[in-house]
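One structure is given below, encoded as structure tokens.
Nothing here was measured: the structure is a model prediction, and the numbers come from that model. Residue numbers begin at 1 in each chain, while the letters A, B, ... track the order of the sequences.
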Number of protein chains: 2
Amino acid sequence: MRMNFTPQQLTAFLHLARSGSFGEAARRHGVSQPALSRTIQQMEAALGRRLFDRTTRSVVPTPTGLELRRIAETLVAEFDSAADDLARFVEGRSGRVAVAALPSIAAVLLAPAIARFRERHPEVEVAVLDGLSGPVLDAVAAGGADLGLTIRPPAQATLVYRPLLADEFGLVCRPEDAPAGEGPLPWSVFEGRPFVAMAPASSVRQMTDAAFLQAGLAVPPLYGCAFLGTVGPMVAAGLGLTALPRLTLPLLGSFGLVWRRLERPVMRRPMGVVTRAGRSPAPAVLAFLAELERQAKAMR
Amino acid sequence: MRMNFTPQQLTAFLHLARSGSFGEAARRHGVSQPALSRTIQQMEAALGRRLFDRTTRSVVPTPTGLELRRIAETLVAEFDSAADDLARFVEGRSGRVAVAALPSIAAVLLAPAIARFRERHPEVEVAVLDGLSGPVLDAVAAGGADLGLTIRPPAQATLVYRPLLADEFGLVCRPEDAPAGEGPLPWSVFEGRPFVAMAPASSVRQMTDAAFLQAGLAVPPLYGCAFLGTVGPMVAAGLGLTALPRLTLPLLGSFGLVWRRLERPVMRRPMGVVTRAGRSPAPAVLAFLAELERQAKAMR
DNA sequence: ATATATTGATAACCGATGCGCATGAATTTC
DNA sequence: GAAATTCATGCGCATCGGTTATCAATATAT
């Protein structure tokens, strides 16, 4: 005896068991009365037992009908709740988002995005793994993180990169060291002045080197700091000037440093998001991505 | 988003999630590979999300697929267990049987039937309501009892009666009071001897009265006892003889009384089972009925 | 490197199923 | 006794789920 009732059948049955009339039950179930008659007949045939003793005047559940009602009532409830769980997940209202990010991007882009996201998706768990570029990419590739926030990585078959924000480089210095005027400055502004550089492996250093190369300048790099948090105090102490993307400014510390846009060439630090190629992200991750893009657009 | 997956779809999905290959999963699910492909596509369309990221070489669940797997796994288990519960009920292996019965029938027919029944149906709860004819019929009519064991009641629209056993009347007396010989005796055997009668309302009394009337005898009834348990000691004390259906003999007590079949006329007490008309009994009740009939046949 | 085999997707077709409409049969009500 | 109510049935239709045959893509073998 293979009982293979569909949730449809079970709810139809429950409507009938609850209303005690085929016409009424059919209306509530949203089908015609003959359709409901057939449905019940099929269930009875499958079981080999009547579910209702019915005359033209009354519809009374048999003991088997009562038993099925007991069972179907909980089963349908389970089913509905499961459907609800799944719907919440599919709509991105439940689940988990793990984001790997460079600390600089985490500070300026990720933090506010999480704040907004959690307002709309309070049940979604958000995990942050801050690390340098390599570990970020590794985490995404290995599946430990759903997405990675970093600067554009070299093209890779297993990862996809999508740009979010291009952060422009500018001069960073104490107010009293700033050239007169208000507009953008050329990179030649660094000529003849001490330049506080980042460590040779860092993405910022590679871009400043490239800028000087393009501009045909020879500016000797000093110090070679690994962390932005170290650069701020050094500039503030008057040890030199530096060039940094605008959004990193808050990470330097509160020393009242000024930022002036640099051009010739205009340099932009491409920040974006990487995901695994060929892997569908969880709905909550997609929703978070959308929030990230909105945040990026707002900061542009 | 109305998720309305059938158990079929869910188990198909689980087969795929577990095997990681359409071909293998289709085989286990008992359908062709294209059929499974389409089933999964339909589920994905219903959800608006992919459930598996697949190439020709790999089938990997998406986050949504993992979530559905988690949900479907428990849901299908619930479903199976519910189906099992229902099957046990439908096959009469679980449930409850309430039997209303005359004490005399309960003793001779019901008790052994229950004993056998419980061997085969250990999970079925059996309740006994022993009472006189009126309350027995009332209990059945009101639904408090699934079936009633009693002597044939007057025809009633709401009840159906089915005969089980016809219990023959015989002379009951002390061995020393018995007429010589071994064969059946005529009712005239009571002429001129004290006859211990039952109460006028009892079914036995009505049949003994009828027997004397048919035989054209005038035998004055003495005492008019209401309970069989009272009749035994009285006969054993030598206060008189009586006529009783054979199967009631054990109820008289252990006084070594003898029973000799009576004829001219042969009187039979019709015992049977009553059920509600137009109401399907529970499967366990049907199984119990079958056991009752087997028991009756064995005693005939 | 080219051929082969494996695997999932697609196309075409077909029988079964579920539904609605119209109608029938039984019973209560006026 | 006629009308109304209620569940069951017959019939036609659209949909669905299934199979076979075939395609497209990729890994493997020669």
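B/Ala35 comes within 4.0 angstrom of a base, heavy atoms only. Counting non-hydrogen atoms under 4.0 angstrom, A/Gln33 reaches a base of the nucleic acid.
In terms of position along DNA chain C, the nucleotide closest to A/His29 lies nearer the 5' end than the nucleotide closest to the other residue of the pair A/His29 and A/Thr55.
Between the C1' atom of D/dG17 and the CZ atom of B/Phe5 lies a distance of 16 Å, rounded to the nearest Å. We find that CE of B/Met43 is positioned 16 Å from C1' of D/dC16, with the value rounded to whole Å. For A/Phe22 and C/dA26, the CZ to P distance is 17 Å, given to the nearest whole Å. In this structure, CG of A/Leu36 is placed 14 Å from P of D/dT9, rounded to the nearest angstrom. Following rounding to the nearest Å, B/Ile40 (CD1) and C/dT7 (P) show an atom-to-atom distance of 17 Å. Rounded to a whole Å, the CD atom of B/Glu24 is 14 Å from the C1' atom of C/dT6. For A/Gln9 and C/dT17, the CD to P distance is 12 Å, given to the nearest whole Å.
With hydrogens and angles left out, the side-chain atoms of B/Arg27 and B/Ser21 include no donor and acceptor closer than 3.5 Å. Judged by distance alone, the side chains of A/Ser32 and A/Arg38 never bring a donor and an acceptor atom under 3.5 Å apart.
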Run the side chain to side chain contact (heavy atoms under 4.5 Å, CB included) check on B/Thr64 and B/Arg50 step by step: do they pass?
-> CA-CA 7 Å; B/Thr64 307; B/Arg50 299 229 114 196; over 6 Å; no
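Remark: A/Arg54 is not in phosphate contact with D/dT6, judged by side-chain N or O atoms under 4.0 Å from OP1 or OP2. Phosphate contact (OP1/OP2 of C/dT10, side-chain N/O of B/Gln41, threshold under 4.0 Å): present. A sub-4.0 Å separation between OP1 or OP2 of C/dG18 and a side-chain N or O of A/Gln42 is present. For C/dA9, one of the phosphate oxygens OP1 or OP2 lies less than 4.0 angstrom from a side-chain nitrogen or oxygen of B/Ser37. For the OP1/OP2 pair of D/dG18 and a distance below 4.0 Å, the side-chain nitrogens and oxygens of B/Arg38 include no atom meeting the criterion.
Residue A/Arg93 qualifies as enclosed at atom CZ: its count of foreign heavy atoms under 6.0 Å is above 12.
Here CD1 of B/Ile105 is found 12.0 Å from CG of B/Asp130. Values are rounded to the nearest 0.5 Å.
Counting only heavy atoms from C-beta on, B/Val31 has its side chain closest to D/dG18 among D/dG18, D/dT20, C/dG20.
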